[in-house]
Amino acid sequence: MDHFIYRNGILHAEDVALPDIAAAVGTPFYVYSAATLTRHFRVFDEALEGMDHLVCYAMKANSNLAVLKLLADQGAGMDVVSSGEYLRAKAVGVPGDKIVFSGVGKTREEMELVIKGGIRQFNVESEPELYLLSKVASELGATVPITVRVNPDVDAKTHAKIATGKSENKFGIPIAKARAVYAEAAKLPGIEVVGIDVHIGSQLTDLTPYRTAFEKVKELTLELRADGHDIRRLDLGGGLGIPYERSNEAPPLPMEYGQVVRETVGDLGCEIEIEPGRLIAGNAGLMVSSVIYRKNGEGRDFLILDAAMNDLIRPAMYEAHHDIVPVIEPLAAAEQTPVDIVGPVCESGDTFAKQRNLPHMGDGDLIAFRSAGAYGAVMASEYNSRPLIPEVLVMGDQFAVIRARPTFEEMLNRDKIPEWLQN
Ligand code: LLP
């Protein structure tokens, strides 16, 4: 569910008409609904009710400080993967003991920053990382709580670029090797083993891979406890999918996911952490763009937009589908014809959708991409020297720019011409 609906024939974000935002900030822009964000967080929180738990928002999905503040105010913890993300969590007041640190390539500098600033746990992904962490922690006179991320070799049945739980992926430690790695970890100074971590992929639309992975985690918990480790925390990762194509997709609900958690690992007496990103932010955001030209090509029409692959890369990168709708509601009887929806960037990959049925749209019309709140703005670039597009947050009838479009002057000033090139 989200709060983007047509009212009086105009698409709104909560109580704000999108053309009003377009008039104020120009297109293209991202717009997020505060009510949707908080609702999605609460749905996860409620799904784990009755179990000791913490929902750690995976901020890689959308790390705008305003979004983080909104979720932190609801009590969210954060899952971070870099110093930058850690500092964002801190900037909105999330205490270290609600931040988990994930990622396969944590550097010494990142370890130092995070240990000094306070951390709930490191999710360790390899033996070399474990040794370095032990060294860095010892040097700082600290003992850091860790889980080891295990790779359960489960097929998440999602896009190859976002599947992480197969043995061929770079993530985690093979579950078969886990006991040996935990034995090693227990001996190391500066390290305190507290639990197990698993994350098998993103945009999962079936609960079966979760069930399989969590059952393996349960088995491992019992084995590790028998080996003498105090396993008291399970980080089950994120990955629950959202309906990108509303007409024919209905992924499982957080409630049903919570039920799988309960049925598999609910009786272990462990504190449960989850790291959802997409489900919290995805359907809480739109990207709004304008049609620059409608071009009649050979046998097909193109809508050339002012947004491009650099603003929303998911279609180009993952062949991802986003529902695309006119901001002015078409009449029910309006004829739909297929068009290719493209951006102005100089490569054919800059295509958002091919032969998508849409009512007639022409130059200057506003168009909205649904489900763009996660992995949209955060993956944007300035390719073709196109400024990063602004982000807007709506709450009720108010809206605010939460990241402004840079000026061309700001963009150009970031580059420096060396003295020896100046004449
Ligand atoms: N935890 C870990 C360790 C992760 O690697 C990820 C996502 C998450 C949690 C959050 O997963 P979510 O709940 O958002 O599915 N850019 C891609 C998605 C990459 C996901 C990477 N890891 C996309 O646009 O589809």
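The residues of the chain are indexed from 1 along the displayed sequence. Whatever order the structure lists them in is the order used to number ligands and atoms, beginning at 1.
- Atom numbering of ligand 1 starts at 1 in the shown order; those under 4.0 Å from a heavy atom of Ala58 are 8 (C), 9 (C), 10 (C).
- Remark: ligand 1 atoms within the under-4.0 Å shell around heavy atoms of Arg149 are 3 (C).
- Heavy atoms of Asp79 found under 4.0 angstrom from ligand 1 belong exclusively to the side chain.
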### Task
Could you go through the side-chain contact (heavy atoms from CB on, under 4.5 Å) check for Asp301 and Asp340 one step at a time?
CA-CA 6 Å; Asp301 284 358; Asp340 281 13; over 6 Å; no
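- Among all non-hydrogen protein atoms, the one lying nearest atom 17 (C) of ligand 1 is Tyr318 OH, 3.1 Å.
- The Gly277 neighbourhood of ligand 1 comprises atoms 12 (P), 13 (O), 14 (O), with distances under 4.0 Å to a heavy atom of that residue.
- For Met379, no nitrogen or oxygen atom sits less than 3.5 Å from a nitrogen or oxygen atom of ligand 1, counting backbone and side chain alike.
- Here is the list of ligand 1 atoms found below 4.0 Å of a heavy atom in Gly239: 11 (O), 12 (P), 13 (O), 15 (O).
- Of the protein's heavy atoms, Ile162 CG2, 3.6 Å lies nearest to atom 19 (C) of ligand 1.
- Annotation: the span from Asp73 atom CG to Phe41 atom CZ amounts to 10.5 Å, rounded to 0.5 Å.
- Cation-pi geometry between Lys60 and Tyr375 is not met: the NZ or CZ atom fails to fall both under 6.0 Å from the ring centre and inside 45° of the normal.
- Backbone and side-chain nitrogen or oxygen atoms of Arg314 are examined, and one is located within less than 3.5 angstrom of a nitrogen or oxygen of ligand 1.
- For atom 8 (C) of ligand 1, the closest non-hydrogen atom of the protein is His199 CE1, 3.5 Å.
- For the pairing with Phe352, the side chain to side chain contact (heavy atoms under 4.5 Å, CB included) check across His321, Met287, Arg314 returns one residue only, Met287.
- Side-chain contact, Ser102 with Arg149: no donor N or O sits under 3.5 Å from an acceptor N or O.
- When only non-hydrogen protein atoms are considered, atom 20 (C) of ligand 1 lies nearest to Tyr375 OH, 3.5 Å.
- From the protein, the heavy atom lying nearest to atom 22 (N) of ligand 1 is Lys60 CD, 3.6 Å.
- Just one residue in the list Thr38, Leu240, Leu71, Asn62 forms a side chain to side chain contact (heavy atoms under 4.5 Å, CB included) with Ile280, and that residue is Leu71.
- Within the 4.0 Å heavy-atom cutoff, Leu279 does not count among the residues contacting ligand 1.
- For the ligand labelled ligand 1, residue Pro276 lies inside the 4.0 Å heavy-atom shell.
- In this structure, Gly237 falls outside the shell of residues with a heavy atom less than 4.0 angstrom from ligand 1.
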### Task
Begin from the C-alpha positions of Glu273 and His53 and carry the test side-chain contact (heavy atoms from CB on, under 4.5 Å) through to its verdict.
CA-CA 6 Å; Glu273 296 162 351; His53 69 273; over 6 Å; no
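- Side-chain polar atoms of Glu391 and Tyr32 form a donor-acceptor pair below 3.5 angstrom.
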### Task
Kindly determine whether His3 and Thr36 satisfy side chain to side chain donor-acceptor pair (under 3.5 Å), including the steps that lead there.
CA-CA 6 Å; His3 292 77; Thr36 313; 2.9 Å; yes
### Message
Between Val401 and Phe29, does the side-chain contact (heavy atoms from CB on, under 4.5 Å) criterion hold? Intermediate values first, please.
### Response
CA-CA 10 Å; Val401 174; Phe29 61 88; over 6 Å; no
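- Residues Lys218 and Ile196 fail the side-chain proximity criterion, which asks for heavy atoms closer than 4.5 Å.
- For the pair Leu240 and ligand 1, the shortest N or O to N or O distance does not fall below 3.5 Å.
- For a threshold of 3.5 Å applied to N or O pairs, the pair formed by Glu275 and ligand 1 contains at least one separation below that value.
- Of all protein heavy atoms, the one lying nearest to atom 15 (O) of ligand 1 is Ser202 OG, 2.4 Å.
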